[in-house]
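So the structure is just underneath, and the comments pick up after that.
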There are 2 protein chains.
Amino acid sequence: MKMTIKDIAKLAGVSTTTVSKVMNGKDESISDATKDRIKKIMKENNYTPSVVARSLVTKRTNTIGLIIPDIRNPFFPELARGAEDMASKAGYTIIFCNADNNLSKEDEYLKVLSEKMVDGIIIAVSSKREDQFEKITETSMPIILVDRDIDIDMKCIKGRVITDNFKGACIGVEHMISNGMEKILFISGPLTNKASFERLEGYKSALENHNIDFDQDLLLEGEFNENWGYEAAAIAIEKNLDFDGVFCGNDLIAIGAIKSFKGKGIRIPQDISIVGFDDIYVSSMIEPELTTIRQPKYEMGYRAVEMLIDILEGKKAEQKRLVLQPDIVIRESVKKK
Amino acid sequence: MKMTIKDIAKLAGVSTTTVSKVMNGKDESISDATKDRIKKIMKENNYTPSVVARSLVTKRTNTIGLIIPDIRNPFFPELARGAEDMASKAGYTIIFCNADNNLSKEDEYLKVLSEKMVDGIIIAVSSKREDQFEKITETSMPIILVDRDIDIDMKCIKGRVITDNFKGACIGVEHMISNGMEKILFISGPLTNKASFERLEGYKSALENHNIDFDQDLLLEGEFNENWGYEAAAIAIEKNLDFDGVFCGNDLIAIGAIKSFKGKGIRIPQDISIVGFDDIYVSSMIEPELTTIRQPKYEMGYRAVEMLIDILEGKKAEQKRLVLQPDIVIRESVKKK
DNA sequence: TTGAAAGCGCTAACAG
DNA sequence: CTGTTAGCGCTTTCAA
């Protein structure tokens, strides 16, 4: 049978209060003698306190909920790891949930996490979420939005951690321009998606900075996956579009596009240069290795948890919006000038 | 302030006992009238019970700990997802922990999970773990080993879910042999690793089945990563080894090897055929797409949790060993006969 | 068909 | 320096 605080107290000949105090380091007022005795007994009996009993009284579980679309999406393992690292460093534990971009699953998880009394939640919301977090409003667990931002204002949303998509796209396109490309095709993800939209703005801005007119024909909109990249590249060729560089909405698109181009005998980067977005781990494994805009995925998870914990422990103000800066990872898919 | 069972009881004009009963479906003996009234009030007030209070009395948290080396390792997202899916289906929640193949981190997590009173643990143990799970023995949380097996026998280890490495290697090597290869290089991971060792045995067995002598020179031992694959391929060429196929300890090795060969002008699969192991996400994205032995990663996670829950709910016997069958995914890296 | 009472393992005033 | 007491929100006999 598992030991309880009572057992330890009895063995040490003290009250549970005393044991509780030394256990929690609130032992300024306890004599070294009893302190040591209690510690010794706890160790000998391999005693571990029940955090559920503790939580019942303290109202803190030292547990954080992490809701993401799907851990199999190559974007999220890094983020999850960053979150877990920070959490574990601060003595928290993470419950992880895959909601598949599905609103009702998200709501369901929100409910479960609330029942489990997590201290707070980090969530990469479904792109479909435009409404409020109905079920959760009143319980007021603090929530930090990560990766995906939405334009809703609720008291329970205590912060956001996102990356600067506009800037990232700018950097990527500028990189191609500075290497001599002038006609840059943009194979975009869905433009209803905020991130996509911002990347498009960044793309336009970079062009503008170099006095290149935006050409609507060079914008192809589709999904954030390899198939779309493959298809879009085929369309571009079929339509006989005139371009020397391709900026892709994300790495998956870039990977599909590269495959498509190579299949048609077009060489990367000799004939066409390509830049991706995200820097998922595959990107360095394909051929040519992909030049891409790196999102600080690990850091996003890390910072989000840090922000949450700061709020939980009353160290920081709320409603912060942290915009992380992407950077470019130069590999082999852009022809050097 | 959050509602408690007392508040609901008061509003409904009944005792907490009654509320508790209808909440938990133990309501055979409650009149429909009060049942409905209570349910209505719970809904109206958006009441969610505190599972920590409940856990304190029931001794069940409906929470499972999942300890893996690193979610960023492409092997684990699938496994984790499988675990989470099964857990969530059964009304459990998963706390996830990255232990980095580090014994003391593992022990630390084991301790934390025990304090949090998880109902059981799924763990892909560190390859370094040969001793017992010291810290955990007596608390006797049920543990299921997944992916990595170890030869220790403890009462707390209630089951194992692994894949048949021997068989997998056999299938892979046979596939090459049946396509005409006769001299097959094996670029292995560390042979101290049990999985590696079993794959080597499978490799040998396949050769033997076809009356091909095992040639010690065709065995190269290193690490389970891309760099080693790259390096090993270079070594093989430098040493002027005579081979027409390469069986790799895992996909990462295969990816490195392919890159290395291609860099030296050797064509895959025209000049040399290659087979990997695992079927990680990247494998279908590289060029040529990798023919490989698929481990049922998702299923491993899924089955492990299923097994654990069966044990927790007293449905099944213990100490089971579930060996999942790998299969071959034929893509482009083996030359057709 | 319902409720009173005890207790899960711990923390937190407060008193001594 | 240490202990008494009450209580966190729930479940569970047992009695009514």
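In what follows, chains carry the letters A, B, and so on, assigned in the order in which the sequence lines appear, proteins first and then strands, with residues in each chain numbered from 1. Since we're looking at a predicted model, the values are computed, not measured.
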Query raised in the report: Are the charged groups of K59(A) and D119(A) less than 4.0 angstrom apart, N to O?
Result: no
Query raised in the report: How many Å lie between CG on N24(B) and P on dT2(C), as a whole number?
Result: 16 Å
Requested in this report: Take atom NZ of K26(A) and atom P of dC10(C), then tell me their distance rounded to the nearest Å.
Outcome: 15 Å
Query raised in the report: Does the pair K21(A)/D27(A) count as a salt bridge with the N-to-O cut at 4.0 Å?
Result: no
Report summary line: Rounded to whole Å, CG of D7(A) lies from C1' of dC10(C) at a distance of 13 Å
Report task. Mind calculating the distance between CD1 (I5(A)) and P (dT4(D)) to the nearest angstrom? Result -> 14 Å
Query raised in the report: Is it true that D32(B) and K35(B) make a salt bridge, defined as a side-chain N closer than 4.0 Å to a carboxylate O?
Result: yes
Query - Separation of atom CD in E28(A) from atom P in dA12(C), rounded to whole Å - result: 13 Å
Report task. Please tell me which of R37(A) and Y47(B) maps to the more 5' nucleotide of DNA chain D, matching each residue to the nucleotide holding its nearest heavy atom. Result -> R37(A)
Query raised in the report: CD1 of I94(B) to CD1 of I122(B): how many Å apart, nearest 0.5 Å?
Result: 7.0 Å
Requested in this report: Please determine if a side-chain N or O atom of S55(A) lies less than 4.0 Å away from the OP1 or OP2 oxygen of dC10(C).
Outcome: no
Requested in this report: Using a 4.0 Å heavy-atom cut-off across all strands, classify K35(B) as base, sugar-phosphate, or nothing.
Outcome: nothing
Query raised in the report: Please give, in whole Å, the distance from dT12(D) C1' to R54(B) CZ?
Result: 14 Å
Query raised in the report: Contact class for S29(B) (heavy atom, under 4.0 Å): base, sugar-phosphate, or nothing?
Result: base
Report summary line: To the nearest angstrom, the CE-P distance between M117(A) and dC10(C) comes to 16 Å
Query raised in the report: How does protein contact run along nucleotides 3-8 of chain C, one letter per nucleotide 5' to 3', with B for base contact, S for sugar-phosphate only, - for none, heavy atoms under 4.0 Å?
Result: BBB--B
**Report entry** Basic-acidic side-chain contact under 4.0 Å: K40(B), D36(B)
**Finding:** no
Query raised in the report: Do NZ/NE/NH1/NH2 and the carboxylate oxygens of E306(B) and R303(B) come within less than 4.0 Å?
Result: yes
Report task. Inspect the contact between K297(A) and D147(A) and indicate whether a charged nitrogen and a carboxylate oxygen are less than 4.0 angstrom apart. Result -> no
Report task. Rounded to the nearest angstrom, tell me the gap between atom CD1 in I8(A) and atom C1' in dT2(D). Result -> 18 Å
